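Structure record follows, encoded as structure tokens.
Because the structure is predicted, anything quoted here is derived from the model rather than measured. Indexing begins at 1, ligand by ligand and atom by atom, following the structure's order.
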Amino acid sequence: ETFDATGLHILPGAIDVHVHFRDPGYTHKEDFESGTAAAAFGGVTTVFDMPNTIPTVADGETLKAKHAIAASKAHVDYGLYAVLGEDTIDKVSELIEAGIIGFKCYMGNTFGRIPTPSTGAMLEAFERVAPTGKRISLHAETNSVMERRQKRLTESGRSDPLAHLASRPAVVAVEAVARAAILAEWTGARIHILHISSAAELGPLRDAKARGVDITGETCPHYLMLGEADYARCRGIIRVNPPVRESVNNEPLWAGLLDGTIDMIATDHAPHTPEEKTRADIWSVDCGFPGVETQMPLMLTEVAAGRYDIRDYVRWSAVNPAKVWGLYPKKGAILPGADADLAFVDLNHAWTLRDADLQSRSKISPWDGRSVVGLPRHTMVRGRFVMKDRALVADTKGHGRSVHAIQQMPEAKPLHTDETLAAVIADRPEAAA
Ligand code: NCD
Ligand code: ZN
Ligand code: ZN
């Protein structure tokens, strides 16, 4: 069989390190089959699925059951997250044994109502995970402030979409990023900041990197491209945690990506049904919207516009995620994960995103009607086409594999030794040098 790629560019398949495929528990919103089909249409060859499914992925048995579901349904490769919280500190090795890509820690409330750990419990959990080398991804928002503000807004009768933005000000994220970075610095844990939404979070992220903390960050297309003006147009559809912020944040976030403060693009693909997204009362609208299949066209549009180079995009979409989660071949080594995970892309194709055309079960997003340039035409996972000519390839359901099996995290190296910690505590920084 010959194959003609005339006019197309071949990119590494995107690795989306933040998706919610809702399986098991909320399969009316999405499941592993529809979610990974959406990924294939988006040029995404690997996804990391979040643990806020039912039951919450917080023990080995639940994780094994989820692995069985994913293995039978997935069109593309995947990694599975497990929750790190107050109740799972003693489950760390059991979860690693059952096969995870990393841990997810919910510092603030969001969809799924997973209990948020105290700072003390986080400290203990970070200590437990640090020597394993696994990375801890953080939903970095501080609970108490946002809950109090939401209560006040609800009591004052505000139920417009902008009330959601007002309920979760950027300081809620900035404080959480700084706190997580301090805990990571003192425990040697590796951490990743999910869905960076504001310019203000770049400060603590940049500072922590400068101090040598193994900290990485992602942002999502909606934080780069949308702003307060989109609330009137989208109403509840735009409601997401953290909220889409004022458009003054867009350019600093782009700059953060370009200067390497933000390491990658993820989507936080968070599907809900149209009924769940269009309720009159904003406080009862489920947070999030689909994104796994629109990320690449949205980001390539900026390549076409000359904002950055195609190589920058590949760094944010594939190279850095692979490096950060140990899926990147060491020099000279050939690993299975590097086997022909490819997106065949028409960089000049101008088209319009339509919610109705989404593969996701959640056909409702802020991107409906948006003009883009760049189309993933075919997607290949480990040498096999799973999407060809904008159609799913037959018999590729179940082709996807868990990439935890090929993950190689570098050995854990605590930033501090007992001596340097003692010096810091004794306030003799020169002794720490
Ligand atoms: C996510 C979801 O729906 O699972 N929702 C969201 O608004 N982002 C949860 C999350 O990532 O916080
Ligand atoms: Zn989150
Ligand atoms: Zn999420």
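For ligand 1, one of its N or O atoms has an N or O atom of Asp268 under 3.5 Å away. Residue Asn241 has at least one N or O atom closer than 3.5 Å to an N or O atom of ligand 1. Considering backbone and side-chain atoms together, Ala270 places no N or O closer than 3.5 Å to any N or O of ligand 1.
Classified by interplanar angle (parallel below 30°, tilted 30° to 60°, perpendicular above 60°), the ring pair Phe385/Phe344 is tilted. Below 30°, between 30° and 60°, or above 60°: for His67 and Tyr78 the angle between ring planes is between 30° and 60°, a tilted geometry.
Listed by number with element, the atoms of ligand 1 under 4.0 angstrom from any heavy atom of His195 are 11 (O), 12 (O). The atoms of ligand 1 that sit less than 4.0 Å from any heavy atom of Val240 are 7 (O), 8 (N). Ligand 1 places these atoms under 4.0 Å from at least one heavy atom of His272: 3 (O). The ligand atoms of ligand 1 that sit less than 4.0 angstrom from a heavy atom of Cys287 are 3 (O), 5 (N), 6 (C), 7 (O).
Contact analysis puts His18 in contact with ligand 1, with a non-hydrogen atom separation below 4.0 angstrom. At least one heavy atom of Arg22 lies less than 4.0 angstrom from ligand 1.
A salt bridge between Glu175 and Arg168 is absent, with no side-chain N of the basic residue lying under 4.0 Å from a carboxylate O of the acidic one. Taking 4.0 Å as the cut-off between side-chain N and carboxylate O, Asp368 and Lys363 do not count as a salt-bridged pair. By the 4.0 Å N-to-carboxylate-O rule, Arg390 lies too far from Asp357 to be salt-bridged with it. The residues Glu302 and Arg307 are annotated as salt-bridged, a charged nitrogen and a carboxylate oxygen being separated by less than 4.0 angstrom. Here Asp214 pairs with Arg135 in a salt bridge; the nearest charged N to carboxylate O distance falls below 4.0 Å. At a threshold of 4.0 Å, the pair Lys151-Glu155 counts as salt-bridged, since one of the basic side-chain nitrogens sits closer than that to a carboxylate oxygen. Here Lys29 pairs with Asp286 in a salt bridge; the nearest charged N to carboxylate O distance falls below 4.0 Å.
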Please test His222 against Phe289 for ring-ring contact (aromatic ring centres under 6.0 Å, His included), starting from the C-alpha separation and ending with a verdict.
CA-CA 10 Å; His222 43 281; Phe289 41 78; 4.7 Å; yes

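For the Zn ion (ligand 2), the nearest N, O or S atom contributed by His139 is named ND1. Closest approach between the Zn ion (ligand 2) and any N/O/S atom of His195 involves NE2.
In terms of protein heavy-atom proximity, atom 1 (C) of ligand 1 is closest to His20 NE2, 3.6 Å. What sits closest to atom 9 (C) of ligand 1 on the protein, heavy atoms only, is Thr110 OG1, 3.3 Å.
When distances to the Zn ion (ligand 3) are checked against a cut-off of 2.8 Å, His269 contributes no N, O or S atom below that limit.
Expressed to the nearest 10°, the angle at the Zn ion (ligand 3) joining OD1 in Asp268 with NE2 in His18 is 90°.
Under 4.0 angstrom from ligand 1, there are no non-hydrogen atoms of Met50. Only side-chain heavy atoms of Asn52 come within less than 4.0 Å of ligand 1; its backbone N, CA, C and O stay farther off.
Residues Leu226 and Arg233 are in side-chain contact: their nearest non-hydrogen atoms beyond the backbone lie under 4.5 Å apart.
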